[in-house]
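Report on one structure; see the data block that follows.
Quick caveat: nothing in here was measured; it's all calculated off a predicted structure.
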Amino acid sequence: MARPAPAAPRPTAAAVLDDAVRTLAPDAGANPLVARIEAGQAPRSVFVTFALEQHQVITADRLSFQHLARRADGDPPVADFFDLLAQGETLALERLAGLADACGLTARDLADYLPRPGCQAYPSYAARLALGAEPTDVVIALTANFAAWGGCCATVEAAMRAHYDFPDAARAFFGFFAEPAPAVGERAHAAVQHGLDTGQARPAEAHRYGRLLQAYELMFWNSVAD
């Protein structure tokens with residue numbers, strides 16, 4: 001009698017997250033605005049638009065992460081991940097103030113600004129995920145997106161120093177996201193491992209979310225450039 005085939009090894013959180021980051025990584029050269037900023041060829045006005053739009057994005061994303069944390073209340077590792085992200089958005093908003101000040105923006109400018117639809121597609125989709133997606137799958141999708149976003153921010157921060165003569169405070173927002181965030185990585189692994197152990201995680205579905213997040217982020221950059 002033939003022996004039964006051995007059971008396939010269970011996926012680990014590290015493997016699932018590494019696969020998402022690798023599979024969902026944007027193509028090289030997919031972001032023309034960041035390439036222009038890197039070369040010092042983008043007008044300084046793009047930073048004004050960026051600051052105005054990001055003020056809206058951060059405020060919306062913080063609410064989405066807070067809602068995801070509440071939805072994951074029965075799954076502490078997942079809730080902890082989104083709680084940390086919500087706290088991070090508060091810190092990011094504080095750092096964005098340095099860029100807004102350097103661009104001459106006032107509180108009234110931020111309050112009265114009419115956002116561009118293409119720039120706000122990302123937070124709108126994040127809110128949709130917050131309402132109905134499995135939170136663990138959102139962790140996977142966001143982890144892939146954060147890898148791409150962090151790379152863009154590192155490029156922009158270096159270019160601001162080399163080509164645009166912005167003060168340190170104006171670069172702080174980009175530096176915040178460019179720096180490694182081990183606590184976020186640790187909580188992402190814990191959340192996804194919990195999802196795998198409980199059967200809640202669906203990596204294939206998470207990749208669907210992640211592809212759209214990456215596309216909407218690229219739409220953000222392209223719309224800033226318009």
Side-chain angles (χ1 to χ4, degrees), residues 17 20-21 23-27 29-37 42 46-69 71 81-97 99-100 105 110 113-157 173-178 181 184 188 205-226:
L17 290 171
V21 170
T23 302
L24 299 174
D27 294 335
N31 194 322
L33 177 57
V34 170
R36 289 171 61 204
I37 293 173
V46 301
F47 294 100
V48 178
T49 303
F50 183 96
L52 290 164
E53 294 290 346
Q54 270 297 317
H55 184 79
Q56 305 266 346
V57 172
I58 293 170
T59 304
D61 282 351
R62 180 169 56 187
L63 289 174
S64 293
F65 297 151
Q66 289 170 342
H67 187 69
L68 280 158
R71 287 186 56 215
F81 173 82
F82 288 112
D83 278 333
L84 184 61
L85 291 193
Q87 295 168 24
E89 294 300 301
T90 297
L91 296 175
L93 195 60
E94 294 172 358
R95 285 157 176 76
L96 186 67
L99 179 60
L105 295 171
L110 294 171
Y113 179 69
L114 297 178
R116 301 178 179 183
C119 289
Q120 299 305 313
Y122 181 103
S124 297
Y125 184 62
R128 173 180 162 186
L129 295 181
L131 285 174
E134 167 56 48
T136 304
D137 295 338
V138 182
V139 177
I140 299 170
L142 286 173
T143 298
N145 177 247
F146 289 166
W149 168 250
C152 289
C153 287
T155 299
V156 171
E157 195 274 338
F173 174 86
F174 297 98
F176 176 71
F177 286 107
V184 175
E205 193 72 7
H207 281 219
R208 292 180 59 196
Y209 302 151
R211 286 189 178 90
L212 284 173
L213 285 174
Q214 300 288 54
Y216 288 138
E217 184 188 318
L218 180 58
M219 187 184 295
F220 169 86
W221 290 103
N222 289 338
S223 296
V224 166
D226 289 345

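The number of heavy atoms from other shown groups lying within 6.0 Å of CG (D226) is above 12.
Looking at E53, its side chain does come within 3.5 Å of a backbone N or O of R116 through a donor-acceptor pair. Remark: the backbone N or O of L91 is paired with a side-chain donor or acceptor of R95 at under 3.5 angstrom. Remark: the backbone N or O of E89 is not paired with any side-chain donor or acceptor of R62 at under 3.5 angstrom.
Counting only heavy atoms from C-beta outward, the side chains of Y122 and W149 never approach each other to under 4.5 Å. Taking 4.5 Å as the limit, every side-chain heavy atom of Y209 sits out of range of all side-chain heavy atoms of N145. At least one side-chain heavy atom of F81 sits less than 4.5 Å from a side-chain heavy atom of V184. Looking at heavy atoms from C-beta onward, H67 lies out of side-chain contact with S64 at the 4.5 angstrom threshold. In this structure, the side chains of P32 and N222 come closer than 4.5 Å at one or more pairs of heavy atoms. The side-chain heavy atoms of F177 and F146, taken from C-beta on, include no pair separated by under 4.5 Å. Counting heavy atoms from C-beta outward, F50 and W221 have side chains that approach closer than 4.5 Å. Between Q54 and F220, some side-chain heavy-atom pair lies under the 4.5 Å cut-off.
Here L114 contributes atom CG and Q56 contributes atom CD; the two are 9.0 Å apart, rounded to the nearest 0.5 Å. Here the CG atom belonging to D61 is positioned 11.0 Å from the CD atom belonging to Q66, to the nearest 0.5 angstrom. To the nearest 0.5 angstrom, L110 atom CG is 9.0 Å from T59 atom OG1. Rounding to the nearest 0.5 Å gives a distance of 6.5 Å between CG of L142 and CG of L85. A distance of 7.0 Å separates CZ in R71 from CD in E134, rounded to the nearest 0.5 Å. Between atom CG of residue L213 and atom OG1 of residue T143 there is a gap of 11.0 Å, rounded to the nearest 0.5 Å.
For residues 205-220, the pairs satisfying salt bridge (Lys or Arg N to Asp or Glu O under 4.0 Å) are E205-R208, with sequence neighbours left out.
Nearest approach of C119 to V57, heavy atoms of both residues: O-CG2, 3.9 Å. What you find for G210 and L24 is that their closest heavy atoms are CA-CD1, 3.8 Å. Residues M219 and G118 approach most closely at CG-O, 3.4 Å, considering heavy atoms.
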Exercise for the section: Report the C-alpha distance between L105 and Y113 in whole Å, list the side-chain angles of each, state the deciding distance to 0.1 Å, and finish with yes or no for side chain to side chain contact (heavy atoms under 4.5 Å, CB included). Expected result: CA-CA 10 Å; L105 295 171; Y113 179 69; over 6 Å; no

Practice task
Decide yes or no on side chain to side chain contact (heavy atoms under 4.5 Å, CB included) for I37 and T155, but give the supporting numbers first.
Solution key: CA-CA 8 Å; I37 293 173; T155 299; over 6 Å; no

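Ring pair F174/F47 is perpendicular by interplanar angle, where above 60° counts as perpendicular and below 30° as parallel.
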